[in-house]
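Following: one structure in structure tokens, then a few remarks.
Numbers restart at 1 for each chain; the letters A, B, ... are given by sequence-line order, proteins then strands. Values below: all heavy atoms of this structure, side chains included; hydrogens, waters and symmetry mates excluded. The model shown is predicted, which means the values in this text are computed figures rather than measured ones.
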2 protein chains.
Amino acid sequence: MAIHKKEAFSQKEQELAAFAKAMSHPARIAILKVLAQRNECICGEIVDLLPLAQSTVSQHLKELKTAGLIDGTIDGPRSCYCINWKAFEKFMGEFSFLFNKLKVQNEKACC
Amino acid sequence: MAIHKKEAFSQKEQELAAFAKAMSHPARIAILKVLAQRNECICGEIVDLLPLAQSTVSQHLKELKTAGLIDGTIDGPRSCYCINWKAFEKFMGEFSFLFNKLKVQNEKACC
DNA sequence: ATATATTATCGTATATTTGCGATAAAGGAT
DNA sequence: ATCCTTTATCGCAAATATACGATAATATAT
């Protein structure tokens, strides 16, 4: 049983899906919120703010980083993360383009 | 082992995550694109356009509907779907609010 | 009433995600 | 050098998601 046919879709569709997937868990939304609210970068403070174990938070951070939504630098024994605003703008823009542009002509909902 | 602690997060965090999750698969992105491009509602045409079995497409449609991103009405033996633009605007707005608003003060990336 | 067409649901196999504890790795402090 | 702090990774258990075929459900057509 050939499961997961993601390859069968277009590059852009996969990219948008990956972006959405990175934000598809409340813990990751919460992490992004914390990072967005601080001017300086955060590291293990996130662990204290979330109701999850350190290893779990680290895993979520890794996923966000892999997806390109956050940047991380090692600062001595601790890690410093912050939001990658450029990536955010890019994806939000693509979503807006994809759906807002088309919305104009479709304003008259059919269902 | 108490897995999935979504309940431990705020209502809004869960809502945003659920919205993102509904769009976290390329097939569902593709479905939304098709629905957005047509003025009239679509039904099984989607199945012909996607590289997936009918039952799988139906499952994806159900997820999109449950998440509130699309509306569906039964029209005889066929089903008619279309995008719920209001829900879309709501969520896109919340994301923009959450991240764009904060972006201003954080323009100076730290990492 | 019977067939046909369309869509939803069920059952099932497999893949992925989530979460934690334990452990490793890396640097700072004494 | 030895501890201590911080973070990443590994290994594992359990929950979800993905996909399909088969079947049920529904309405139209003959």
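- In this structure, the NE2 atom of A:H25 is 11 Å from the P atom of D:dT16, given to the nearest Å.
- Nearest nucleotide to the B:A53 side chain, out of D:dG21, D:dT28, C:dG19: D:dG21.
- If you check distances only, the side chain of A:Q59 never reaches the base of D:dA8 with a donor-acceptor pair under 3.5 Å.
- Phosphate contact (OP1/OP2 of C:dT17, side-chain N/O of A:H60, threshold under 4.0 Å): absent.
- Distances shown here put every side-chain N or O of B:S55 at or beyond 4.0 Å from the OP1 or OP2 atom of D:dG21.
- With A:E63 as the partner, the side chain to side chain donor-acceptor pair (under 3.5 Å) test is satisfied by one option alone out of A:K21, A:R28, A:H25: A:R28.
- As judged by a 4.0 angstrom heavy-atom cut-off over every strand, A:E63 is placed among residues touching the sugar-phosphate backbone only.
- Under 4.0 angstrom from either OP1 or OP2 of D:dT18 there lies no side-chain N or O belonging to B:T56.
- Residue B:S58 has its side chain nearest to C:dA8 when only C:dA8, D:dT16, D:dA8 are considered.
- The neighbour count for A:I74 CD1, taken as heavy atoms of other residues, nucleotides or ligands under 6.0 Å away, does not exceed 12.
- Rounded to an integer number of Å, the gap from CD1 of A:I70 to P of D:dT7 is 13 Å.
- For B:S79, no side-chain nitrogen or oxygen approaches OP1 or OP2 of C:dT6 to under 4.0 Å.
- Between B:Y81 and C:dT6, a side-chain N or O to OP1/OP2 separation shorter than 4.0 Å is absent.
- Look at CD1 on A:I42: it is 15 Å from P on D:dT6, rounded to the nearest Å.
- Using a 4.0 Å heavy-atom cutoff across all strands shown, B:L52 reaches sugar-phosphate atoms only and no base atom.
- Per the geometry, NE2 belonging to B:H4 stands 6 Å off P belonging to D:dT16, to the nearest Å.
- We find the CG-CZ distance between B:L32 and B:F88 to be 5.0 Å, quoted to the nearest 0.5 Å.
- The phosphate of D:dT28 has neither OP1 nor OP2 within less than 4.0 Å of any side-chain N or O from B:R78.
- Rounding to the nearest 0.5 Å places CG of B:L16 at 8.5 Å from CE of A:M23.
- Minimum atom distance to the side chain of B:P77 is reached by C:dA5, of the listed C:dA15, C:dA5, C:dG27.
- When atom types are taken as modelled, the side chain of A:T66 and the backbone of A:K62 share a donor-acceptor pair closer than 3.5 angstrom.
- When the side-chain nitrogen and oxygen atoms of A:K62 are compared with OP1 and OP2 of D:dT7, none of them lie within a distance under 4.0 Å.
- Among the atoms of the strands shown, none is found under 4.0 Å from any heavy atom of A:K65.
- Spacing between atom CD1 of B:I74 and atom P of D:dA24 amounts to 19 Å, rounded to whole angstrom units.
- To the nearest 0.5 angstrom, A:H60 atom NE2 is 11.5 Å from A:I46 atom CD1.
- OP1 or OP2 of C:dT17 sits under 4.0 Å from a side-chain N or O of A:K21.
- Atom C1' of nucleotide C:dT7 and atom CG of B:D48 are separated by 13 Å, given to the nearest angstrom.
- For the pair B:L61 CG and C:dT9 C1', the interatomic distance rounds to 14 Å; values are reported in whole Å.
- The separation between B:K5 atom NZ and D:dA14 atom P is 17 Å, rounded to whole Å.
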